[in-house]
Amino acid sequence: MNSRDAQDVILRLLADGPYRSTAMGGRGADAEVAAVLARVDLPALDRFGRFLCRHYYRERVVHYFKYCRALAPLVGRSPEAALKTEEFKALMPGLILGERASAQRVLDLLRRFLTADAEPVRAKIPYWDDLIAYQGAFFLSDAVPSAQPLAPFPARAETTQFVELGFDLPAVLPRLLRPFEELPMPLRTPVRLLLARSQHGEVTAIRCSDTLKTLLDSLTGEVAPAQVAARLGVDAGSFERTLRQLESLGAVVAQESFSSSHVGSDLPAASAKG
Amino acid sequence: MGTDKISVGAFYNPHLAEEILANHGLIEHLAMADPPEKHDPHFPQIKQRFALLLHDYIGQLADALSPHALERARRLADLYQSPWVAEHCQCVITQDGRYNVDYVFPPVYTREMLARYIANARILQESLGRPLVLEQIPRYFRADLDEISEGDFLREFFEASGATFLLDVAHAWLQAHYQGKEVREYLLSLPLDQVTELHVAGVTEYSDLQGPWIAPVEPSDEMLDLAAWVFERIPRVRGVTFDAFSTILQPGTIPRTLERTRRRLGLA
Ligand SMILES: [Fe+2]
């Protein structure tokens, strides 16, 4: 094992809670990994691993749950306080930084924390649950997806999420971050958002019409685009343009990358970066 | 930033933009840890009034930088007109990309790692057409995997790559603390003659670590004394920066720290 590989062993020990727990217990390491472990202060490494874990999720909670944070004085709980609970402490040894399943477990904890005994909160902020759903979707999109096997034809990316809301949240979100006297109230109307994660980790949210949802649901990867277009009764040219845009956003994965020089303006204009 | 005068600055914290603009003069330059938000109403004025330094995550020099990373860095450095670009002496992502600690963490100091850093730093500087400064990172726990000392690693890196040193005083204090060394003696083991930029910062106690670590807080008087001591020993320094970048940074902290820093370093 060269020194770059030895560095990787240390990085995995820090980022991967279950791997670290196994190493701390002196089990399961092959001879080369054991040689690295023997030269490291493992109890101190474990403390640093926990510090990194709390830091990692705190950064993301602060960033993605910024609207809940802005409302904290009104509701008496801030989302990052969830990371100081015994429940989170118990979760830490099982978490892998960046892993989607770990992010889901942290998100479940956050949801429980923010919605426990929340009736008085909902009475003040009727869209509280929508807010959590919206921010939670961004939080989850941040996690690194597992490699999706490439299908023969364009397919909906596994990281693509639909978020169904009861309020038109995007319209009021910026106002929540500025001082207000009266709580901004969005329109009560069903809104569907599509969240896509690009290859480079940029997350985009756009309003998603029924047509767009049907289109994405049709992209199983097993049917040629021309056939999907015909089935949906859409003009083949504009269908392909839409596919290109969806791929550039990361909502669609395709074996042969579309050219990115053709991104037009067919998609709904309202888009938000989280 | 000229070559004759030492510039004093801070990190651009967008939530404190108005205070930063109001303290132009006391603050001469701003290090940019994140690209400006698309709708940041203050950035055009910030860009106009302050010298900007690229201090974003470019990539880790332990591995080849991707064309995407180089292009992103080039775009930002051009936007800022950054006189130099900064990276950390860190290795935080595994080669297969599976594990990322997403926090500064130093490499093992070996000949092999040094060769990687030199090769990739040369490519980076050539690609950006700007010089690189490399910031040293403390190690919290003992790992007996080094072949050479941190000081020799940095010295040889600077000599071979043409990059220079971004010395962080708080990082040095922490490194000495966790290695059980006397901090001034430790500082003298680093290539101080290569320092272009000095970071002044504070540390705070963390329960997970049962001890102090990097934090976006004001430096203590002891830390400023240390900064003043090392400031006398870095003849090529061109910038002194208060290293604090966080949404929890309180109003008043940057101006107060820069006044204290200027006074203590004789840069009032
Ligand atoms: Fe620093």
Side-chain angles (χ1 to χ4, degrees), chain A residues 1-16 19-20 35-60 62-63 66 69 80 83-84 89 92 96-99 142-144 146-147 174 177 198-201 272-273, chain B residues 14-15 34-35 37-39 41 60 62-63 66 68-69 71-72 90-117 138-148 153 178-179 206-211 213-215 246-248:
Chain A
M1 182 182 287
N2 65 29
S3 65
R4 182 67 189 80
D5 295 334
Q7 177 85 14
D8 278 358
V9 172
I10 293 178
L11 293 175
R12 183 169 178 194
L13 285 167
L14 291 171
D16 182 341
Y19 183 70
R20 187 166 71 243
V36 174
L37 297 180
R39 296 163 79 173
V40 170
D41 177 353
L42 277 177
L45 182 149
D46 185 45
R47 288 197 296 280
F48 201 64
R50 283 167 188 272
F51 164 79
L52 290 178
C53 180
R54 214 187 289 270
H55 179 271
Y56 182 91
Y57 288 108
R58 190 183 187 284
E59 292 262 295
R60 279 152 183 80
V62 165
H63 181 72
K66 56 178 175 265
R69 287 188 86 222
E80 67 269 28
L83 306 179
K84 290 186 178 155
K89 194 176 169 190
M92 278 206 282
I96 303 174
L97 306 188
E99 188 209 40
D142 175 273
V144 182
S146 46
L177 299 180
S198 80
Q199 195 193 335
H200 299 298
K273 292 260 175 178
Chain B
H15 70 291
D34 271 345
E37 287 275 346
K38 220 190 297 174
H39 303 295
Q60 57 184 15
D63 303 317
S66 71
H68 179 259
E71 179 47 38
R72 181 179 175 277
Q90 65 179 353
C91 182
V92 301
I93 307 176
T94 55
Q95 293 161 91
D96 61 8
R98 262 185 87 185
Y99 301 98
N100 181 353
V101 297
D102 200 30
Y103 188 80
V104 288
F105 183 73
V108 291
Y109 299 119
T110 61
R111 292 268 158 219
E112 188 213 0
M113 201 61 103
L114 178 61
R116 286 167 167 265
Y117 272 69
R139 193 188 277 168
Y140 172 76
F141 55 87
R142 182 181 59 77
D144 301 327
L145 295 156
D146 299 334
E147 291 166 4
I148 50 178
F153 184 94
Y178 285 111
Q179 313 296 313
Y206 287 89
S207 58
D208 280 327
L209 297 177
Q210 299 167 15
W213 196 248
I214 303 162
S246 168
T247 51
I248 59 167

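Just so it is clear: chains get the letters A, B, ... in the order the sequence lines come, proteins before strands, and each one is counted from 1. Heavy atoms only: backbone and side chains are in, while hydrogens, waters and symmetry mates are out.
- Heavy-atom pairs under 4.5 Å with chain A peak, among B:Ile248, B:Leu145, B:Asp96, at B:Leu145.
- The environment of CD in A:Gln199 is sparse: at most 12 heavy-atom neighbours from other residues, nucleotides or ligands sit within 6.0 Å.
- With a 4.5 angstrom heavy-atom cutoff, A:Ile10 touches chain B only via side-chain atoms.
- In terms of heavy-atom pairs under 4.5 angstrom with chain A, the leader among B:Cys91, B:Ser66, B:Pro107, B:Gly97 is B:Cys91.
- Both the backbone and the side chain of A:Phe51 have a heavy atom closer than 4.5 Å to some heavy atom of chain B.
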Exercise. Decide yes or no on salt bridge (Lys or Arg N to Asp or Glu O under 4.0 Å) for B:Arg98 and A:Asp8, but give the supporting numbers first.
Key: CA-CA 10 Å; B:Arg98 262 185 87 185; A:Asp8 278 358; over 6 Å; no
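- The environment of B:Gln179 atom CD is dense: over 12 non-hydrogen atoms of other residues, nucleotides or ligands sit within 6.0 angstrom.
- With hydrogens and angles left out, the side-chain atoms of A:Tyr19 and A:Arg12 include no donor and acceptor closer than 3.5 Å.
- Of the atoms belonging to A:Val62, it is side-chain heavy atoms, and not backbone ones, that fall under 4.5 Å from chain B.
- Of the two parts of A:Leu52, only the side chain, counted from C-beta on, holds a non-hydrogen atom closer than 4.5 Å to a non-hydrogen atom of chain B.
- The pair A:Arg39-B:Asp146 does not meet the salt-bridge criterion, since no charged nitrogen lies less than 4.0 angstrom from a carboxylate oxygen.
- Taking chain B as the reference chain and counting heavy-atom pairs below 4.5 Å, the highest number among A:Asp5, A:Leu45, A:Val36, A:Asp16 is found for A:Leu45.
- To the nearest 0.5 Å, atom OG1 of residue B:Thr110 and atom CD of residue B:Glu147 are 5.0 Å apart.
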Exercise. Just do the side-chain hydrogen bond (donor to acceptor under 3.5 Å, both in side chains) check on B:Tyr206 and A:Arg54 with the steps written out, would you?
Key: CA-CA 11 Å; B:Tyr206 287 89; A:Arg54 214 187 289 270; over 6 Å; no
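- Put simply, of A:Arg50, A:Glu59, A:His200, the one with the most heavy-atom pairs under 4.5 Å next to chain B is A:His200.
- In this structure, the portion of B:Arg116 lying under 4.5 Å from any heavy atom of chain A is its side chain and not its backbone.
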